[in-house]
Amino acid sequence: MTVTPRTARTILISGAGIAGPALAYWLRRYGFTPTVVERAPSIRDGGYAVDFRGPVHLATLERMALLDVVEGLRTGTGDLWYVDARGRRLFRMPAEQTGGDIEVLRGDLARVLFERTRDGTEYLFGDSIASITDDADGAHVTFERSAPRTFDLVIGADGLHSRVRALTFGPEQGYLKHLGLYCAIFTTPNILDLDHTGLIYGELNRLAVVHSARGNTEAKVMLYFASPPLTYDRDNLDEQRAVVDRAFAGGGWQTPRLLELLATAPDLYLDSVSQVRMDTWTRGRVALLGDAGYGASPLSGMGSGLAMVAAHVLAGELAMAQGDHRIAFERYESTLRAYVHGCQKLADGIAPFMVPNSRTAARLVRLNQRMLRFLPFLADMPAKMARRTASALTLPAYPD
Ligand SMILES: Cc1cc2nc3c(=O)[nH]c(=O)nc-3n(C[C@H](O)[C@H](O)[C@H](O)COP(=O)(O)OP(=O)(O)OC[C@H]3O[C@@H](n4cnc5c(N)ncnc54)[C@H](O)[C@@H]3O)c2cc1C
């Protein structure tokens with residue numbers, strides 16, 4: 001069904017990550033006209049694996065006619081092993097305890113969403129919103145490069161450090177909750193000859209994970225390190241590599257090799273492990289979507305699933321309200337508030353367990369791993385809890 005919007009018709013989305021293109025997909029389907037502005041020169045297809053869990057995530061993919069496509073992109077990665085400095089395998093985490101119902105590379109998902117929406121959606125790459133002035137006639141937007149334009153609505157789907165959020169709600173310090181870690185992700189050749197498996201090596205305050213990917217033809221590297229908030233230029237890859245180099249200097253196991261490969265990795269993604277906490281995600285003609293409004297952090301395992309469900313809800317509410325954003329925004333918030341809260345709670349208390357920051361914490365983690373060998377039902381609990389949380393929403397029946 002195509003809805004003729006009474007109020008909103010043209011909608012500017014800032015950010016072509018996961019949430020932005022997913023929203024563009026639904027808006028087009030409902031007869032709105034989306035434009036997506038992305039700061040990067042093209043789709044950013046970096047990142048590790050992301051999970052879809054439970055019936056709400058799967059129904060969202062199905063309604064987008066993406067379930068088969070995404071299933072075809074499964075990582076197929078098996079168990080994860082904790083190793084010691086000599087590479088000896090110490091403790092196994094079975095695949096079913098780490099992935100969701102469907103696990104895909106974030107980059108593959110971003111690319112599929114872009115491909116699905118590029119026809120009929122205007123994409124402006126290499127640009128960013130500079131200002132937004134909202135009045136009865138619309139949201140008047142200036143860009144860093146393009147000419148000024150007026151849209152009916154502006155949606156900030158521009159991630160943790162959202163420009164739309166900063167312009168509409170104020171500086172990020174008021175909303176970003178740092179969870180004490182940073183995470184660097186990049187792609188390398190499969191130097192450890194991993195066969196559909198991953199290895200985890202931990203030291204005090206840092207953790208390296210290497211996973212085979214794309215049928216063992218390459219590997220994804222994820223480096224976590226404990227740190228207070230850092231200041232660096234997010235557009236300067238060399239500066240970001242230096243941050244990671246410093247954090248892992250003197251590291252054991254394969255870390256020197258990984259740092260060597262980092263120097264030439266094309267797709268480094270570095271960010272703090274943070275959540276976004278806000279009392280409201282909408283103001284006037286502006287709404288926030290995905291990480292920009294309620295980033296749950298990689299520790300929750302929910303970022304992409306949540307962003308896609310939320311994109312469906314936001315577009316569905318706009319369609320139901322015939323484009324009246326005042327009604328739609330209110331329903332968007334009330335439908336998702338408790339669900340978002342649940343997703344964010346999944347990350348509570350995880351950081352020191354994942355990357356121990358004291359010898360006592362490290363000993364506790366080792367003890368816990370030993371115990372879990374004999375109590376497999378306890379080891380399954382985090383995955384079960386994540387699935388329950390991901391399923392805790394009655395997805396409204398929006399127009400199809
Ligand atoms: C390259 C990359 C790799 C990632 N890897 C992982 C991962 O391995 N595991 C994980 O759990 N999460 C990862 N994330 C975060 C994850 O994608 C999100 O938590 C989740 O998918 C929600 O998506 P989002 O679209 O809200 O945010 P994001 O996926 O972060 O997308 C935001 C988009 O907005 C763009 N943007 C930022 N500022 C501006 C601006 N001023 N103007 C226009 N565009 C802007 C960014 O370039 C990006 O494309 C990654 C994010 C990125 C960008």
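Every number for a ligand or one of its atoms is a count from 1 in the order of the listing. The basis for the numbers below is simple: all heavy atoms, side chains too, and nothing from hydrogens, waters or symmetry mates.
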Undergrad: Output all residues satisfying salt bridge (Lys or Arg N to Asp or Glu O under 4.0 Å) with Arg387, sequence neighbours left out; order by chain, then residue number.
TA: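 For Arg387 the salt bridge (Lys or Arg N to Asp or Glu O under 4.0 Å) partners, ignoring immediate neighbours, are Asp101.
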
Undergrad: Between ligand 1 and the protein, tabulate every N or O atom pair separated by less than 3.5 Å, reporting distance only.
TA:
{"from": "ligand 1", "atom 1": "8 (O)", "to": "Tyr48", "atom 2": "N", "distance (Å)": "2.5"}
{"from": "ligand 1", "atom 1": "17 (O)", "to": "Arg106", "atom 2": "NE", "distance (Å)": "2.7"}
{"from": "ligand 1", "atom 1": "19 (O)", "to": "Asp291", "atom 2": "OD1", "distance (Å)": "3.0"}
{"from": "ligand 1", "atom 1": "19 (O)", "to": "Asp291", "atom 2": "OD2", "distance (Å)": "2.7"}
{"from": "ligand 1", "atom 1": "21 (O)", "to": "Ser304", "atom 2": "OG", "distance (Å)": "2.8"}
{"from": "ligand 1", "atom 1": "25 (O)", "to": "Ile18", "atom 2": "N", "distance (Å)": "2.9"}
{"from": "ligand 1", "atom 1": "25 (O)", "to": "Ala19", "atom 2": "N", "distance (Å)": "2.8"}
{"from": "ligand 1", "atom 1": "26 (O)", "to": "Asp291", "atom 2": "N", "distance (Å)": "2.9"}
{"from": "ligand 1", "atom 1": "29 (O)", "to": "Arg106", "atom 2": "NH2", "distance (Å)": "3.0"}
{"from": "ligand 1", "atom 1": "41 (N)", "to": "Ser128", "atom 2": "OG", "distance (Å)": "3.0"}
{"from": "ligand 1", "atom 1": "42 (N)", "to": "Ser128", "atom 2": "OG", "distance (Å)": "3.3"}
{"from": "ligand 1", "atom 1": "44 (N)", "to": "Arg39", "atom 2": "N", "distance (Å)": "3.1"}
{"from": "ligand 1", "atom 1": "47 (O)", "to": "Glu38", "atom 2": "OE2", "distance (Å)": "2.6"}
{"from": "ligand 1", "atom 1": "47 (O)", "to": "Arg44", "atom 2": "NH1", "distance (Å)": "3.2"}
{"from": "ligand 1", "atom 1": "49 (O)", "to": "Glu38", "atom 2": "OE1", "distance (Å)": "2.7"}
{"from": "ligand 1", "atom 1": "49 (O)", "to": "Glu38", "atom 2": "OE2", "distance (Å)": "3.4"}

Undergrad: Once salt bridge (Lys or Arg N to Asp or Glu O under 4.0 Å) is applied, do any residues pair with Asp158, and if so which ones, sequence neighbours excluded?
TA: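 Partners of Asp158 under the salt bridge (Lys or Arg N to Asp or Glu O under 4.0 Å) test: none.
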
Undergrad: I want to check a possible cation-pi pair here: Arg165 against Trp281, using under 6.0 Å from ring centre and within 45° of the ring axis as the test.
TA: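 Cation-pi check for Arg165 and Trp281: fails.
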
Undergrad: Check the surroundings of atom CG in Asn236: do more than 12 heavy atoms from other residues, nucleotides or ligands lie under 6.0 Å from it?
TA: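 Enclosed.
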
Undergrad: Hey, what do you get for CZ (Phe151) to OG1 (Thr33), rounding to the nearest 0.5 Å?
TA: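 Spacing of CZ (Phe151) from OG1 (Thr33) equals 10.5 Å.
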
Undergrad: Just to verify, what does Glu62 make a salt bridge (Lys or Arg N to Asp or Glu O under 4.0 Å) with, not counting sequence neighbours?
TA: none

